[in-house]
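Numbered from 1 within each chain, the chains take letters A, B, ... in sequence-line order.
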Amino acid sequence: MSDKKVRVRFAPSPTGGLHLGGVRTVLFNYLFAKKYKGDFVLRIEDTDQGRYVAGAEDYIMDCLKWCGLIPDESPAAGGHFAPYRQSERKAIYREYAERLVMQGHAYYAFDTTEELERNRREIPNFQYGHAYRDSLRNSLSLTQHQVDQLLDAGEPHVIRIKMPENEHIHFTDMIRGNVSFETGQSDDKVLLKADGMPTYHLAVVVDDYLMKITHAFRGEEWLPSAPVHLLLWEYLGWKANMPQWAHLPLILKPDGHGKLSKRDGARLGFPVYAMNWFDEKTGELTPGFREKGFLPVAFINMLAMLGWNDGTDRELFSLPDLIDKFSIERVNKSGAKFDYEKAKWFNAEWIKLTAIDKLLPDVEELLNENGVQAEKEYIKQVLALVKDRLNFVTSFWKEASYFFEQPKEYDLDAVKPKWTDAKTEFFQSFIVMLNDSDPSIEAAEMETQFKALAEEKGIKAGELMLPFRIMLVGGKFGPHVFDIAVLLGKDGTIKRIHKALEAFNSPS
RNA sequence: GGCCCGUUCGUCUAGGGGUUAGGACGUUAGAUUUUCAUUCUAGAAACAGGGGUUCGAUUCCCCUACGGGCUACCA
């Protein structure tokens, strides 16, 4: 590694929601940059106007913000190398493409999409490359005069790289080590499209150069086009400045085969995008980790562990921890199947580790959505009681709604078969006892009194605990029942006993 | 089909020429919790196959198999 300042970039195409694999690519970029006190650049690769989706760019920015992976330079924040949107850099690319034509490393091609499609259909394994380029309509097969005429007439054309027929090309990938290719295997990729926009291939090289990118991390799906990029760096005379490459392993479907897609999430019931994504064209909402109730720290932690570890048994890392421990050499080569169960575990662990005050805003919002107003202090006490049983912040309501409103239904099947008049009488006496008790009674004290009363009435305490729970909670779940009663308070508890008694004693 | 990349428990992974192949999720059993979850303890569970190299390979090399990616005027 040279002593140049580390500069990395994440270069998404604004075509829709941000996939968890994309977030992981951002994360590794970010960790590497911060580890070496370098810059993290967000560059928007919007060179395909046909696939451009309004709102996608803002959405991506919001995702990064939620994750805490803030770019040092971006379309929004600006920077020394602005603009950071490739559509706004359109004028830059043509010059370099022309230069390549001049040098004989690229050429004009006038073939129409229809002609190429027919070739692909009719010629098995057709590639626009050394085998066929001479028989197609381009500046290699046509005379200079013909080419000039076409160009002057404004005939639509692209510029293609001329891949050498038989060169061996190799580079050292930071993750995979030496990787090599035969240049003749790749086709003559389009560099500049008919609309004057560059393709990814040209744009990534030009912008990485212009933006002084030192390390380029991207998904493994880019490996096959690496030789094109390498050649471009060489032909443009920038080889000495070429970034070091690292091709990240892919995130795979948990079951079947292939890359994880948002369809898998819908099929298997888990989010794939970082945040909810609403597609205006289809009206389809693709759920996100944020709305599902994931903490950003857990989401990031989980993603980091998908393909990386610090060499010890440690699994829980905050973002600063990750910056401290990260090393690209410890990133795995092989793809990882996404495991939602493990993702949930990370979230549950981080909810346990997160201070109640930090959880409070999300929980307050959740209560709001459910039309509940409550004192901060009260919410915090509830949170203290249920925090360790949450997989998601959003399950707070399901897990703790009974602290804020009376149970709407009772699990009568759990009570009725063993319900007796003696038990009704017990609870009536218990109400009296509660009424007389100190308002600041503690859970342990209440439990002692409860048990004493049970003994007095000749009923096993164990027979009464579950009914009591169901009176307060509605079901067979929740923290220690006397903790609940104390938090509900004397009056609240008595009210619930009254109401439940009616339900328990009504004929079914 | 061609090219490229990969392969340790079901999953994520540690390890690395001589180990009882370690951890985590999940799972099973038990304890605690007079509910459920948490927590704790214990258990089952892996080096794809074949050749080399070597005194010795799961570890290094080759082949095969399998998996994945790419093969657009998409990124």
Side-chain angles (χ1 to χ4, degrees), chain A residues 11-15 45-48 50-51 86 109 111-113 116-117 120 124-129 156-160 173 175-176 179-182 184-187 189-201 203-204 218-227 247 249-250 252-255 257-259 302 305-316 330 332-346 348-349 352 386-391 395 399 411 414 447 451 460-470 473 475-481 484:
Chain A
S13 177
T15 53
E45 309 227 334
D46 54 350
T47 53
D48 185 353
R51 294 212 308 156
Q86 288 182 332
D111 319 85
T112 64
T113 310
L116 294 176
E117 272 171 11
R120 288 200 187 91
N125 299 127
F126 171 80
Q127 277 208 146
Y128 206 125
H157 62 277
V158 301
I159 293 178
R160 289 179 179 271
D173 186 282
I175 294 172
R176 291 149 212 283
V179 184
S180 61
F181 304 85
E182 296 298 329
Q185 292 295 335
S186 179
D187 61 346
K189 295 279 183 229
V190 170
L191 264 20
L192 201 73
K193 299 188 259 190
D195 64 2
M197 280 286 194
T199 58
Y200 172 82
H201 305 295
V204 73
R218 65 195 347 180
E220 189 186 343
E221 70 266 31
W222 289 107
L223 211 40
S225 51
H247 290 88
L250 266 15
L252 277 12
K253 298 176 196 292
D255 54 353
H257 309 293
K259 284 197 280 191
M302 177 271 290
M305 300 311 286
L306 224 46
W308 175 85
N309 67 82
D310 77 339
T312 73
D313 288 341
R314 181 172 175 192
E315 294 194 277
L316 266 14
R330 290 202 63 87
N332 278 297
K333 295 178 180 62
S334 48
K337 289 185 183 172
F338 178 66
D339 182 356
Y340 188 52
E341 290 304 318
K342 186 90 184 222
K344 284 197 285 196
W345 176 79
F346 275 108
E349 288 302 308
K352 283 180 221 162
V386 302
K387 191 163 88 92
D388 288 1
R389 36 204 322 134
L390 302 177
N391 268 333
S395 23
E399 194 64 50
D411 184 351
E447 182 170 357
K451 285 180 174 168
K460 277 190 217 153
E463 300 262 313
L464 296 162
M465 300 281 266
L466 190 63
F468 188 33
R469 166 176 300 281
I470 290 176
V473 173
K476 289 191 280 186
F477 64 95
H480 193 52
V481 68
I484 299 171

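As rounded to whole Å, 11 Å separates atom C1' of rU35(B) from atom NE2 of His480(A). Rounded to a whole Å, the CD atom of Gln185(A) is 12 Å from the P atom of rC5(B). Between the CD atom of Glu349(A) and the C1' atom of rG23(B) there is a distance of 14 Å, rounded to whole Å. Look at NE2 on His247(A): it is 11 Å from C1' on rC5(B), rounded to the nearest Å. Between Arg218(A) atom CZ and rC4(B) atom C1' there is a gap of 13 Å when expressed in whole angstrom units. Between Met302(A) atom CE and rA24(B) atom C1' there is a gap of 15 Å when expressed in whole angstrom units. The separation between Asn309(A) atom CG and rU8(B) atom C1' is 13 Å, rounded to whole Å. When rounded to the nearest whole Å, the span between NZ of Lys387(A) and C1' of rU39(B) equals 15 Å.
Look at the C1' atom in both rU8(B) and rA14(B): the space between them is 10 Å, to the nearest Å. The C1' atoms of rU27(B) and rG52(B) are separated by 40 Å, rounded to the nearest whole Å. The C1' atoms of rC66(B) and rC73(B) are separated by 36 Å, rounded to the nearest whole Å. Spacing between rG49(B) and rG67(B) at atom C1', rounded to whole Å, works out to 15 Å. The same atom, P, is picked in rA44(B) and in rG22(B); the two are 11 Å apart, to the nearest Å. Annotation: rG43(B) and rC25(B) have their P atoms spaced 16 Å apart (nearest Å). Separating the C1' atom of rU7(B) from that of rA42(B) is a span of 32 Å, rounded to the nearest Å. Taking atom P in both rU38(B) and rA24(B), the straight-line distance is 15 Å, to the nearest Å.
With rounding to the nearest 0.5 Å, the separation of CH2 in Trp345(A) from CD in Glu315(A) is 4.5 Å. The CD atom of Glu221(A) sits 4.5 Å away from atom NZ of Lys259(A), with the distance rounded to the nearest 0.5 Å. Interatomic distance, Asn332(A) CG to Arg176(A) CZ, rounded to the nearest 0.5 Å: 10.0 Å. Atom NZ in Lys476(A) sits 6.5 Å away from atom CG in Leu466(A) (nearest 0.5 Å). Going from atom OG of Ser186(A) over to atom OH of Tyr128(A) covers 14.0 Å, rounded to the nearest 0.5 Å. The distance from the NE2 atom of His201(A) to the OG1 atom of Thr47(A) is 10.0 Å, given to the nearest 0.5 Å.
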Set out, line by line, the N/O atom pairs under 3.5 Å between protein and nucleotides 60-65 of chain B.
none

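Shown here is Lys352(A), whose NZ atom has more than 12 heavy atoms of other residues, nucleotides or ligands within 6.0 Å.
Base-pair partner of rU58(B): not found among the strands shown (Watson-Crick or G-U wobble, both distances under 3.5 Å). In this structure, rA46(B) makes no Watson-Crick or G-U wobble pair, since no nucleotide meets both defining distances under 3.5 angstrom. Partner assigned to rA31(B) is rU39(B), using Watson-Crick or G-U wobble distances below 3.5 angstrom. Pair check for rC3(B) finds rG69(B); Watson-Crick or G-U wobble, both atom distances under 3.5 Å. The partner of rC25(B) is rG10(B), judged by Watson-Crick or G-U wobble contacts that both fall below 3.5 Å.
Looking at heavy-atom distances under 4.0 Å, Lys460(A) makes no contact with the nucleic acid at all. Using a 4.0 Å heavy-atom distance criterion, Gly307(A) is classed as a sugar-phosphate-only contact. At a threshold of 4.0 angstrom between heavy atoms, the contacts of Thr312(A) with the nucleic acid are absent. Residue-level contact check: Met305(A) touches the backbone only, with heavy atoms under 4.0 Å from sugar-phosphate atoms and none from bases. Looking at heavy-atom distances under 4.0 Å, Val473(A) makes no contact with the nucleic acid at all. Using a 4.0 Å heavy-atom criterion, one finds that Arg469(A) contacts the bases of the nucleic acid, with or without backbone contacts as well.
The pair Arg51(A)-Asp48(A) meets the salt-bridge criterion, since a charged nitrogen lies less than 4.0 angstrom from a carboxylate oxygen. Here Asp339(A) does not pair with Lys337(A) in a salt bridge; the nearest charged N to carboxylate O distance is not below 4.0 Å. Remark: Glu463(A) does not engage Lys460(A) in a salt bridge, criterion side-chain N to carboxylate O under 4.0 Å.
A search for side-chain hydrogen bond (donor to acceptor under 3.5 Å, both in side chains) contacts involving Arg330(A) returns Asn309(A), not counting sequence neighbours.
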Legend entry - Base versus backbone protein contacts along nucleotides 69-75 of chain B [heavy-atom cut-off under 4.0 Å; B, S, -]: BSSSBBB

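The shortest distance between side-chain heavy atoms of Leu116(A) and Thr112(A) does not fall below 4.5 Å.
For Asp313(A), whose side chain is taken as the heavy atoms from C-beta onward, the closest listed nucleotide among rG23(B), rU39(B), rU34(B) is rG23(B). Closest contact between the side chain of Asn332(A) and the listed nucleotides rA14(B), rU34(B), rU35(B) involves rA14(B).
At the phosphate of rG67(B), neither OP1 nor OP2 sits under 4.0 Å from any side-chain N or O atom of Lys337(A).
Of the residues near RNA chain B, Pro479(A) and Gly311(A), the one whose nearest nucleotide (by heavy atom distance) lies more toward the 5' end is Gly311(A).
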